[in-house]
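Take a look at the structure set out below.
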Protein chains: 2
Amino acid sequence: MATVLVCDDSALVRETLHRALSSVPGITRVVDASSGEEALARWPVERPSLVLMDVRMPGIGGVEAARRLLSRHPEAIVVMVTMAEDADGVARSVAGGARGYLVKDASREEVAATVVYALSDGLARRTVPAPRSNDANVSAPPLTEREMQVLTGMSRGRSNAEIGKELYLSEDTVKTHARRLFRKMGAADRAQAVAVGFRWGLIR
Amino acid sequence: MATVLVCDDSALVRETLHRALSSVPGITRVVDASSGEEALARWPVERPSLVLMDVRMPGIGGVEAARRLLSRHPEAIVVMVTMAEDADGVARSVAGGARGYLVKDASREEVAATVVYALSDGLARRTVPAPRSNDANVSAPPLTEREMQVLTGMSRGRSNAEIGKELYLSEDTVKTHARRLFRKMGAADRAQAVAVGFRWGLIR
DNA sequence: GGACATCTCCCACGGATGGGGGATGCCAAG
DNA sequence: CTTGGCATCCCCCATCCGTGGGAGATGTCC
């Protein structure tokens, strides 16, 4: 059922993670990427349930890759893999939107527990905000770039007119985007939209 | 440094959790509660970094205890302990605001990983949202109970009139509470208030 | 008793919000 | 080429929101 995308430049580490993942029930497929760029390219194709992303890699690092991935696909679930459990690493990964982190020398069971946790957490976040009645959409309908920008503006306390000025749009256009994102999110007003945005991990 | 409150009616389970917690670096104190009511009473005294809460207990169950605890102290971090990994249990715990769940027959390492995860997540949530600029308030001015209720209503997309009906207040009174919580939170409107509420950990 | 916080309610007002339409252009997918 | 999604803009309109000031009713703390 579930696919995991393992992103690490070291084949050795990927091997280790493969072995750890094999003991997680429900994981039916493991796909590899050896760079952040490759992970970004593969995600839309594979649409994995979970991404295990190394922090330090050649090219764009894991933190940057996670940031880009999550900005394009906020529904992605990313767990960072770090060398040492430095507080900075944890802070930066979670600041980037990752759901958790793993230390590379973690035991098989720790990896398994973290994976299960991340997945169940993701599951819960997407199933819990469900108790709305007239949502036509079961799966999370992705917001467009404009809708995201409008939503962000709302979370900052901007009025529609102010958002329009910041984005060089007319207020009417902002209102149109707002109306559509309310529908997608099942929100009655901007306040609820912001709340749903946080729960869906679209805003931080 | 960190204190953990273990809440379970079974002394045997508490023992097991104690042993598992002993292998988590940074956990310096473990306090017990044998019922949901006791956990509620002990929390303000101990102010633990983490609460491990059994779902099924005599009296108010763990789900209800977690709900009440989180409504009174939204900054609490709760991990539910369940018998079997039923999807319903997971959904209900996380719906109640818990950070995760543990299966009772989990291995020592699984418990350790989940505890670390929950704590680091809580840490990140509280340390990351620092980069705000023009907030006059460095320390969080506490919201009153009414203000919290109004804020929660807003995050659910309720209008002032609807919040008033739910709390048996006039709409004018709701507006008064709203005005004051906007000032305390430095918010321009309800949307920004909800955003700040999430960043301060007042809403989940 | 007096200071203080909290909670409650009132009135009035301008402006913002959200919903309903409709319209145009663009571009990629079929 | 036609369909569909996205973005852009326009109109109208009922309702809601946020803010101003005022005021009484509880408590608690010293």
Side-chain angles (χ1 to χ4, degrees), chain A residues 41 44-45 47 71-75 132-137 139-197 202, chain B residues 44 71-72 136-137 139-197 202:
Chain A
V45 183
R47 296 194 68 85
S71 78
R72 287 183 212 167
H73 309 282
E75 69 274 28
R132 298 198 48 75
S133 42
N134 38 7
D135 275 354
N137 309 301
S139 61
L143 297 192
T144 67
E145 198 176 341
R146 279 304 195 203
E147 287 163 352
M148 272 300 304
Q149 292 168 338
V150 171
L151 178 62
T152 305
M154 287 176 175
S155 76
R156 292 186 182 142
R158 306 279 193 270
S159 69
N160 291 333
E162 286 169 337
I163 296 172
K165 280 186 185 171
E166 286 174 9
L167 300 177
Y168 302 102
L169 298 175
S170 80
E171 183 182 342
D172 282 311
T173 305
V174 176
K175 285 171 127 185
T176 304
H177 289 306
R179 246 178 300 153
R180 281 201 278 254
L181 79 88
F182 290 164
R183 292 232 171 132
K184 284 186 181 178
M185 306 180 86
D189 55 31
R190 51 219 287 120
Q192 193 178 13
V194 167
V196 175
L202 302 174
Chain B
S71 78
R72 287 182 210 167
N137 309 302
S139 62
L143 298 191
T144 67
E145 197 175 343
R146 278 305 197 204
E147 287 162 352
M148 270 301 304
Q149 292 169 337
V150 171
L151 180 61
T152 303
M154 287 177 175
S155 76
R156 291 184 183 145
R158 305 280 193 270
S159 69
N160 290 333
E162 286 170 336
I163 296 172
K165 280 186 184 171
E166 286 174 10
L167 300 177
Y168 301 102
L169 297 175
S170 80
E171 183 183 343
D172 283 312
T173 305
V174 176
K175 283 175 150 190
T176 304
H177 289 306
R179 229 179 319 168
R180 283 201 276 254
L181 79 88
F182 289 164
R183 293 237 169 114
K184 283 186 181 177
M185 306 180 86
D189 55 30
R190 53 217 289 115
Q192 193 177 14
V194 167
V196 175
L202 301 174

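Keep in mind that this is a model prediction, so the values were computed, not measured.
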Q. For B:Glu171, does the CD atom have more than 12 heavy-atom neighbours from other residues, nucleotides or ligands under 6.0 Å away?
A. yes
Q: Please step through side-chain contact (heavy atoms from CB on, under 4.5 Å) for the pair A:Val150 and A:Arg180, ending with a clear verdict.
A: CA-CA 11 Å; A:Val150 171; A:Arg180 281 201 278 254; over 6 Å; no
Q | Sorted by number, the residues of residues 161-172 of chain B with heavy-atom contact under 4.0 Å to DNA chain D | A | none
Q.
Quick check: do A:Arg146 and A:Thr173 have side-chain heavy atoms less than 4.5 Å from each other?
A. no
Q: Give, for atom NZ of A:Lys175 and atom CZ of A:Phe182, the distance between the pair rounded to the nearest 0.5 Å.
A: 11.0 Å
(Q) Is it the case that the side chain of B:Glu147 and the backbone of B:Leu143 share a donor-acceptor pair, with hydrogens and angles ignored and the cut-off at 3.5 Å? (A) no
Q) What integer distance in Å separates A:Asn160:CG from C:dG19:C1'? A) 13 Å
(Q) Tell me the closest heavy-atom pair linking A:Gly157 and B:Ala188, and the distance in Å. (A) O-CB, 3.7 Å
Q. Do you know which two heavy atoms are closest between A:Asp189 and B:Arg158, and how far apart they sit?
A. OD2-O, 4.4 Å
Q. What is the nucleic acid contact for A:Arg180, judged by heavy atoms within less than 4.0 Å: base, sugar-phosphate only, or nothing?
A. base
Q: Write down the atom of A:Val174, the atom of A:Leu169, and the distance for their closest heavy-atom approach.
A: CG2-CB, 4.3 Å
Q.
Heavy atoms only, 4.0 Å cut-off, all strands: where does A:Thr173 land among base, sugar-phosphate and nothing?
A. base
**Q.** Heavy-atom closest pair, residues A:Ile163 and A:Met154
**A.** CD1-N, 3.8 Å
Q) Hey, is the side chain of B:Thr176 pairing donor to acceptor with the base of C:dC9 inside 3.5 Å? A) yes
Q) Bend angle of the helix from C:dG1-D:dC30 to C:dG30-D:dC1 from five-pair axes at both ends, rounded to 10°? A) 50°
Q. More 5' along DNA chain C: A:Lys175 or B:Thr144, using each one's nearest nucleotide?
A. B:Thr144
Q.
Show the nearest heavy-atom pair for residues A:Ala193 and A:Ala187, with the distance to one decimal.
A. N-CB, 3.5 Å
Q) To the nearest angstrom, how far is B:Glu145 atom CD from C:dT6 atom C1'? A) 11 Å
Q.
Need two values: the first and the last nucleotide of DNA chain D, 5' to 3', having an atom under 4.0 Å from any heavy-atom of chain A.
A. D:dC6 to D:dC10
Q. Distance from A:Asn160 atom CG to A:Lys165 atom NZ, nearest 0.5 Å?
A. 13.0 Å
(Q) If you assign A:Asp189 and B:His177 each to the DNA chain C nucleotide with the nearest heavy atom, which residue ends up on the more 5' nucleotide? (A) B:His177
**Q.** Value in whole Å for how far the C1' atom of C:dA16 lies from CZ of B:Phe182
**A.** 13 Å
Q) Base, sugar-phosphate, or nothing: which does B:Arg179 touch, judged by heavy atoms less than 4.0 Å apart? A) base
